[in-house]
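Contents: one structure, followed by commentary.
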Amino acid sequence: MASETESPTEGVLIGEGATPVDLTDQTEATDEIFAQVSQVQTVINHIHGNIGGASFGISGSHTKSRRTSGPISQYEIAEARTCFVRHASYMAAAERLKNGNMVALIGNAGTGRRTAALNLLDDFVGAQRHVVELSPAYTLEKLVAREYRKAHGYLLCDWPMDDVDGSIAGFHVREIRRRVRDAGAYLVITGTVTSLPEGDQIPWLPPPACDVLRAHQVAPEVADEVATQITADHAMNDVVTLARDLASGVPLDKALGRLESAGRRDVVAWFDGPRTRGELFEMAAMAFAAGLSENGFESLLARLESIAGIGEEKADAISADDPMPSRRLLRVAEGSLFSLSPRRRLEFKVEGHRTHVMRELYQRHGMRLWDPVTEWLHECAALRDPSVQAEIARGVAVLASVAGYSYVESTFLTPWARGRGVMRGQATAAMAISWLCLDETTRPEVLRTVTSWTRSSAARPRFTATLAWSGELGIRFPMEAARMLWLQIRDSEKPVRHAEIALARLFAALTEATGNALPILDWLARQISNDRRIGRAVDPLIRAILSVLSARADGVGAPTVTAHLRSRPESAAPLAILWSAVLVKRPHRKDALAALYDAVCAFDERDDDDRDRVRALLAALVETLPEKERPLMAYDLRRYAISRNTDEDRLELLMSLLRIFLSPAAFTLNTIGRRP
């Protein structure tokens, strides 16, 4: 079997009994794996905001954009300011920011650090509200080199400590402070630890729960009573949700019941009772496989019990006079933490219980439980069942929240990313990366891990990285994703098809999740416009651009370009630059025409706004195409439309729009629109 240091052509098995194939040219397997990872992204899009409660801070409201770097919208800032409590920790941070233009809020996740940071920056930058979030991938050296702009606020959330010598760190910090102050800008950092000296740090504590309740206009006597029910287990968004419930008229007992659902009392009570090994391993299986069908769960559980040696014990204990009780009935009986959906899927009665179960399993039990579970998880990650892979990946992300990211990364993520044999472990690792991106505490670490995979000399980690960049990680850090994928494509001596697919999937994922992939399109347009290579040397970049222009959500449905133009009409200009770059390359012209035709025909020709969008796209294309190419473009698109058996009404409309490619003297609708 090939070693991890081999070239990008190392062998990979795509299934049991399969022969080794080239990682750069396994079209069917690669498409299948990208589709599986994309399915997990669809699930995340649907449930976004309902898990990972620590991610949204004190405002208790969900951010409109999931992008974790770049300009912060006025909507998000306004939401952060709603009913915000300026307590002692906040006032101390404001004083530090006023005096030094830079401050770090150091505290635990779920305590409202991000929302406090947004309020601090908004208080200082004034009415213009220019607030930019920086990527946690920034190092001290990069912060020193960055340009800061007057009256701009810069937010660096969950910034991990930079691993540099103390004296060097001190020099960098002084230079950052000087540059920020000289620019008239402000920088706020949040994290659990930081490279900044103590003088720039404020120990962050959340505001008293009673103050948060009163800020939401909850009656003082009710706020005092409710505050006694709030514990350290509750994140600030739990408190704010409770406050909003009470303020909107939800009865006190019902609101408190919802708060109890966020706690762990039921879970702790279950673990405090006498439990057999079988029950504990069944609970462990549920922590990683909740949401699967009952039959599928039982199949996985049987394998875990076999690894743990539980089946033999049961066989010895059961006789004909002592029939086996129904495990299915006991599993969902009174007092159980499980429930069975109408579609016979096993789930936790309360979604939040999954995290609490994982915490109790990890804190109460050692290697006798976790060694068999770890072996079982490695087997599950390689199963040819996307639903199993998705839930295992989600469970591993939950484990990271209680056991720490470094444990999960070294035990599961990197071994799966570098795994030998089947490729399905790489897919599971990428799925886990997407789930981990929902937690603000692990997101920066995930970014660093995938960046290191991208730069690996081995093909498998690089392939896993492309899968990860195409999902939630790319949505959170779109520019980092685009740069990393583009570098793989540009610098490789051989075609890197999986990177091309990932770039197209990233465009589709951003459009579907946020409605805005414009920064990516602008960046790609600049790259292709500034690239001076000629001939076949530019082919990898052209293929990558063509994959973006041809992208479709999940590989089916309407072109993503069409959806993006509807949500962002201003994207016509960069899209025209990209299409122009491909259309002038004759080997790729037909595919580019097909993508353009499909995108145009996906618009509704009866809708005035859609017709305007098509007209704007074609007009922008005229501006970017060389003059000699314009009549050829009109002619070729007309021929292609006829070859596709376009209906008469749509063909007539398309021909009328093609008028903009030709001078009036050279053009008549009768000549260009007539079928041969």
Between the side chains of Thr441 and Tyr405, does any donor sit under 3.5 Å from an acceptor? no
Trp469 and Thr454: side-chain donor and acceptor closer than 3.5 Å? yes
Distance check, rounded to the nearest 0.5 Å: [X] atom [atom1] versus [Y] atom [atom2]?
{"X": "Arg476", "Y": "Thr514", "atom1": "CZ", "atom2": "OG1", "result": "11.0 Å"}
{"X": "Cys437", "Y": "Leu473", "atom1": "SG", "atom2": "CG", "result": "4.5 Å"}
{"X": "Phe288", "Y": "Arg394", "atom1": "CZ", "atom2": "CZ", "result": "13.5 Å"}
{"X": "Ser248", "Y": "Gln217", "atom1": "OG", "atom2": "CD", "result": "13.0 Å"}

Is the shortest side-chain N to carboxylate O distance from [X] to [Y] below 4.0 Å?
{"X": "Glu76", "Y": "Arg114", "result": "yes"}
{"X": "Lys98", "Y": "Asp123", "result": "no"}
{"X": "Asp158", "Y": "Arg113", "result": "yes"}

Determine the minimum heavy-atom distance between [X] and [Y], stating which atoms define it.
{"X": "Pro461", "Y": "Ala458", "answer": "CD-O, 3.5 Å"}
{"X": "Val37", "Y": "Leu467", "answer": "CG1-O, 4.0 Å"}
{"X": "Val561", "Y": "Val548", "answer": "CG2-O, 4.3 Å"}
{"X": "Ala80", "Y": "Thr115", "answer": "O-CG2, 3.4 Å"}
{"X": "Ala432", "Y": "Ala397", "answer": "O-CB, 4.3 Å"}
{"X": "Gly153", "Y": "Leu121", "answer": "CA-CD2, 3.8 Å"}

Do any N or O atoms from the side chain of [X] and from the backbone of [Y] form a donor-acceptor pair under 3.5 angstrom?
{"X": "Asp211", "Y": "Pro207", "answer": "no"}
{"X": "Arg443", "Y": "Cys157", "answer": "no"}
{"X": "Arg505", "Y": "Ser38", "answer": "no"}
{"X": "Ser529", "Y": "Arg526", "answer": "no"}
{"X": "Trp204", "Y": "Thr111", "answer": "yes"}
{"X": "Thr466", "Y": "Phe463", "answer": "yes"}
{"X": "Arg462", "Y": "Trp453", "answer": "no"}

Does any non-hydrogen side-chain atom of [Y] lie less than 4.5 Å from one of [X]?
{"X": "Trp435", "Y": "Glu472", "value": "no"}
{"X": "Leu413", "Y": "Ile433", "value": "yes"}
{"X": "Leu521", "Y": "Leu578", "value": "yes"}
{"X": "Ile520", "Y": "Met479", "value": "yes"}
{"X": "Ile230", "Y": "Leu242", "value": "yes"}
{"X": "Ser135", "Y": "Leu447", "value": "yes"}
{"X": "Leu97", "Y": "Tyr186", "value": "yes"}
{"X": "Val125", "Y": "Val131", "value": "yes"}

Arg181 and Arg177: CA distance, side-chain angles, deciding distance, side chain to side chain contact (heavy atoms under 4.5 Å, CB included) verdict: CA-CA 6 Å; Arg181 184 189 297 116; Arg177 185 188 299 110; 3.2 Å; yes
More than 12 heavy atoms of other groups within 6.0 Å of Arg146 CZ: yes
Test log, rule side chain to side chain donor-acceptor pair (under 3.5 Å), inputs Thr414 and Glu409: CA-CA 6 Å; Thr414 293; Glu409 188 275 330; 2.2 Å; yes
Is the ring pair [X]/[Y] parallel, tilted or perpendicular, if the boundaries are 30 and 60 degrees?
{"X": "His152", "Y": "His130", "result": "parallel"}
{"X": "His564", "Y": "Phe507", "result": "tilted"}
{"X": "Trp523", "Y": "Trp486", "result": "perpendicular"}

Ring centroid separation for Tyr148 and Tyr154, is it under 6.0 angstrom? yes
I would like to know whether Arg178 and Glu175 meet salt bridge (Lys or Arg N to Asp or Glu O under 4.0 Å); could you show each step before the answer? CA-CA 5 Å; Arg178 183 190 67 78; Glu175 184 63 15; 2.4 Å; yes
For Asp224 and Arg214, what are the C-alpha separation, side-chain angles and deciding distance, and is it a salt bridge (Lys or Arg N to Asp or Glu O under 4.0 Å)? CA-CA 9 Å; Asp224 292 339; Arg214 293 188 182 194; 3.0 Å; yes
